[in-house]
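Take a look at the structure set out below.
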Protein chains: 2
Amino acid sequence: MYASTIAPTPAPRSGWIEAPAIAQAPDAPQQFSRRIAATLKLLAEKLAVQRRVVHTGDRIYQAGREFGCLYIVNSGIYKIVSLMPDGREQVVALKFRGDWLGLDGIAAGRYGSDAIAMDTGEVWAIPYEALLEACLKERQLLNALHEAMSRDIAGERDSLLSVCTLPADARVADFLRYWAESLAKRGMRTDQITLRMTRAEIGNYLGLTLESVSRALSKLARARVIGFAAKCRREVEIPDVEALSAFVQRSLLPQASLQ
Amino acid sequence: MYASTIAPTPAPRSGWIEAPAIAQAPDAPQQFSRRIAATLKLLAEKLAVQRRVVHTGDRIYQAGREFGCLYIVNSGIYKIVSLMPDGREQVVALKFRGDWLGLDGIAAGRYGSDAIAMDTGEVWAIPYEALLEACLKERQLLNALHEAMSRDIAGERDSLLSVCTLPADARVADFLRYWAESLAKRGMRTDQITLRMTRAEIGNYLGLTLESVSRALSKLARARVIGFAAKCRREVEIPDVEALSAFVQRSLLPQASLQ
DNA sequence: CGCAGATTTGAGGGATCTCAAAAGGGGTGG
DNA sequence: CCACCCCTTTTGAGATCCCTCAAATCTGCG
C-alpha cells in the first residue's frame, strides 16, 4: 500500500558492524502479569501511594497543568488525549493495568496530554520527587520505572506506527488485536471485549473517519474474524486473536483488497 | 481531512476536575542548547564514556541484539529504523545532538530498532549499568536521563502524530519544519539544510510514496515556502520557518486544497 | 561519456473521505 | 410501561486525495 522499502543506506564501515539480529524472546504467558503485580506491590510497600477510584470520563491529569505526580494504573482502561498545536484533539494511546501515566510531563515540567478514564478503575498517584527518593534507595523501583518508560517509548511507537501504515480495514483489525493482546498479557479474557470508545473515537485514534471504522468493523464481522454481541455493537467477540493477525497480514499482500 | 473531533466523554465527576490548562512555557532561545552542553559535560566528567566517530550508514546498534549501552549524540544526525513484525522497515524517528539512542532497549533487554548515522558524527557509548551507578550518586544525571526519556515519549509521539493526521503536502512541510526546528533549538543554521534522506526514505518516514514527497516538495517550492539550492535538490532553503508552519495550518482549514 | 540510481512529472485508478439518510439504542418523562 | 428524543451506528453515492505505473530528466561516478 504505502512505500514498503526505504532507500538503501551505504554499507556500514569502520568497526561498527554488529552480529546478526537475534529473534526477540517473548515473555512467558503470565510473566508479564506477575511482573506488574510485583511492581505494584513494591510501590505500595515503599511509598505512600494515594489510591484513587475514578469513573468514566474522569480526568487523571490535564495537559498544561504543572507536573507533580506520576500515576500507575491498578485497574481500568485509560485514554491519553493530546491537544495538538493546531487545536485538534487526538487520542494517542491506551493504557492498561501496570502502565504509567504522566511520564510525558517529566521533561517539560507540565503534562503534555490528558489522561481520561474510560471506565471505573483505580490509579495510584505517586509524587515524582518522592518516587525519585525511593528509587535511590530501592534499585528495583528504579528498574521498574525505567522499564515502564522504555516500554512506553517502544510500545507507543509500534502501535502508532502500524496504525499509520496500514489500510483502513487492517488498521481496525490491528487495533482490536492490540487491545485483545493487551488484555491477554494481563491475564484477562479476550474472547469478548467491550470497546469503551465510540466509532468516532476509534477513528480519531486510527486516523480514520467514523464511517470508515464502521465499514471496517462490518467487513470484519462479515469475514467472521470478529462477532458482535447480540444487542450491543460495542461488545466485540474475538474467537481467535490469530485470525485478526492473519487478516492484517493478508491486507499487506500485493494483491490485497479483493474481498 | 481526517476526523477532527472525538466523541465527547461524559463530564468529569468526583473531585477530579482540574484547573484550566496553562499555556506551555517555551524554552528561552538558547537554553535548550545550553542544557544539552551541560548534560554532555556532566556525562564526560562522571562516567567513562566511550567516544565513537561514525560515518554515513554506520549502525550504532541493531534491533534484536542484546541491550547493553545507551548512546548519546554529540554530533551528526541519526535515523531510527524499526523492523515491523511483517518485515517492513520503517524510519520512526530522527535524532540530533543531545538525544539518546537505545532507550527502547531497556525494557526488553534487547534493542527494538536500528540506529543509523546519516552523516559523519560522534556518539558516546555509555554502559547502562554504569550509568545507573552514576545516577545514584549524581542526582543531576538521573534527572537528565529521565528528562531525555520523557522527551522521547512526548516528542516522538507528537512528530509521528502530526505526520499521521496531515494531508500529504502538509506532512512534508511539517517534516521540514520539525527538522529546521530541531536544528534551531540546538543553535544551528536553518536557512539552508541538507536532507540526508532520499525521497523514498522521507516517504517511508511520513507514510507517503516517494512520488508524493517529490510532488509536495515541488509544490512547496512553487509556493515559495522553500527553495532548492542550485544544482542540488537535497539542499533545501528555508527562508522562513514560520511560513512552513503557516502552510501546515492553511492545509487544515476546511476549504483547503485549492492552489 | 555512459550507466545507475534518484528525482520529477503525468495519467489513470483505487481507497477513503464527505455528504446524506435511515435505522438502532438508551434514557427520560409522561 | 411506553413514547419520544438524542446520539450512535450503519449504509449508500459521489468526490477527492494519493497511490500505481510509466517515461523522461537529472546527478554523480567510474
Side-chain angles (χ1 to χ4, degrees), chain A residues 1-11 56-57 163-172 194-204 206-222 226 228-236 251-259, chain B residues 1-11 56-57 163-172 194-204 206-222 226 228-236 251-259:
Chain A
M1 173 100 288
Y2 287 83
S4 59
T5 58
I6 63 177
T9 316
T56 305
V163 139
C164 287
T165 59
L166 259 31
D169 297 333
R171 273 190 223 192
V172 175
T194 305
L195 300 181
R196 291 155 208 288
M197 309 166 77
T198 63
R199 304 293 191 251
E201 265 181 316
I202 297 172
N204 176 282
L206 300 182
L208 299 170
T209 57
L210 64 111
E211 294 95 329
S212 292
V213 173
S214 178
R215 275 186 256 267
L217 286 171
S218 298
K219 190 162 169 181
L220 288 170
R222 271 199 305 277
I226 65 169
F228 285 112
K231 281 279 179 182
C232 182
R233 308 282 285 181
R234 294 257 184 117
E235 307 259 328
V236 174
S251 70
L252 289 171
L253 265 40
Q255 77 313 356
S257 83
L258 43 100
Q259 92 164 270
Chain B
M1 173 99 287
Y2 287 84
S4 59
T5 58
I6 62 176
T9 315
T56 305
V163 138
C164 286
T165 59
L166 259 32
D169 298 332
R171 272 189 225 194
V172 175
T194 305
L195 300 179
R196 293 157 206 287
M197 309 167 76
T198 64
R199 304 291 191 252
E201 265 181 315
I202 297 173
N204 176 282
L206 300 181
L208 299 169
T209 57
L210 65 116
E211 294 96 328
S212 292
V213 173
S214 178
R215 274 185 257 266
L217 286 172
S218 298
K219 190 162 169 182
L220 289 170
R222 272 200 305 277
I226 65 170
F228 285 112
K231 282 278 179 185
C232 182
R233 307 282 285 181
R234 292 255 185 121
E235 307 258 328
V236 174
S251 70
L252 289 170
L253 266 41
Q255 77 309 3
S257 80
L258 43 101
Q259 95 163 266

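Each chain gets a letter, A, B and so on, in the order its sequence line appears, and its residues count up from 1.
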Close N/O contacts between protein and nucleotides 7-9 of chain C (under 3.5 Å):
unit_1	atom_1	unit_2	atom_2	d
C:dT7	OP1	B:R234	NE	2.8
C:dT7	OP2	B:R199	N	2.8
C:dT8	OP1	B:R199	NH2	3.1
C:dT8	OP1	B:R233	NE	2.8
C:dT8	OP1	B:R233	NH2	2.9
C:dT8	OP2	B:R199	NE	2.8
C:dT8	OP2	B:S214	OG	2.6
C:dT8	O5'	B:S214	OG	3.1
C:dT9	OP2	B:S218	OG	2.7

Answer whether the closest heavy-atom distance between the side chains of [X] and [Y] falls below 4.5 Å.
X	Y	value
A:V236	A:L220	no
B:T198	B:R234	yes
B:I226	B:L217	yes
A:L166	A:L252	yes
B:R171	B:S251	no

Distances for protein N or O near nucleotides 5-7 of chain D N or O, under 3.5 Å:
none

For the pair made of [atom1] in [X] and [atom2] in [N], what is the distance, rounded to whole Å?
X	N	atom1	atom2	value
B:D169	D:dT16	CG	P	16 Å
A:E201	D:dT8	CD	P	9 Å
B:E235	D:dC26	CD	P	19 Å
A:L220	D:dT11	CG	P	13 Å
B:L208	C:dA15	CG	C1'	15 Å

If you take all heavy atoms of A:V172 and A:A216, which pair is closest and at what distance?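 Distance-wise, the nearest heavy atoms are CG2-CB, 3.6 Å.
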Donor-acceptor under 3.5 Å (A:S218 side chain, A:S214 main chain): yes
Kindly say if A:T209 contacts the phosphate of C:dT16, meaning a side-chain N or O under 4.0 Å from OP1 or OP2. no
Just verifying a value: how many Å separate A:R215 CZ and A:R199 CZ, rounded to the nearest 0.5 Å?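 Those atoms lie 13.0 Å apart.
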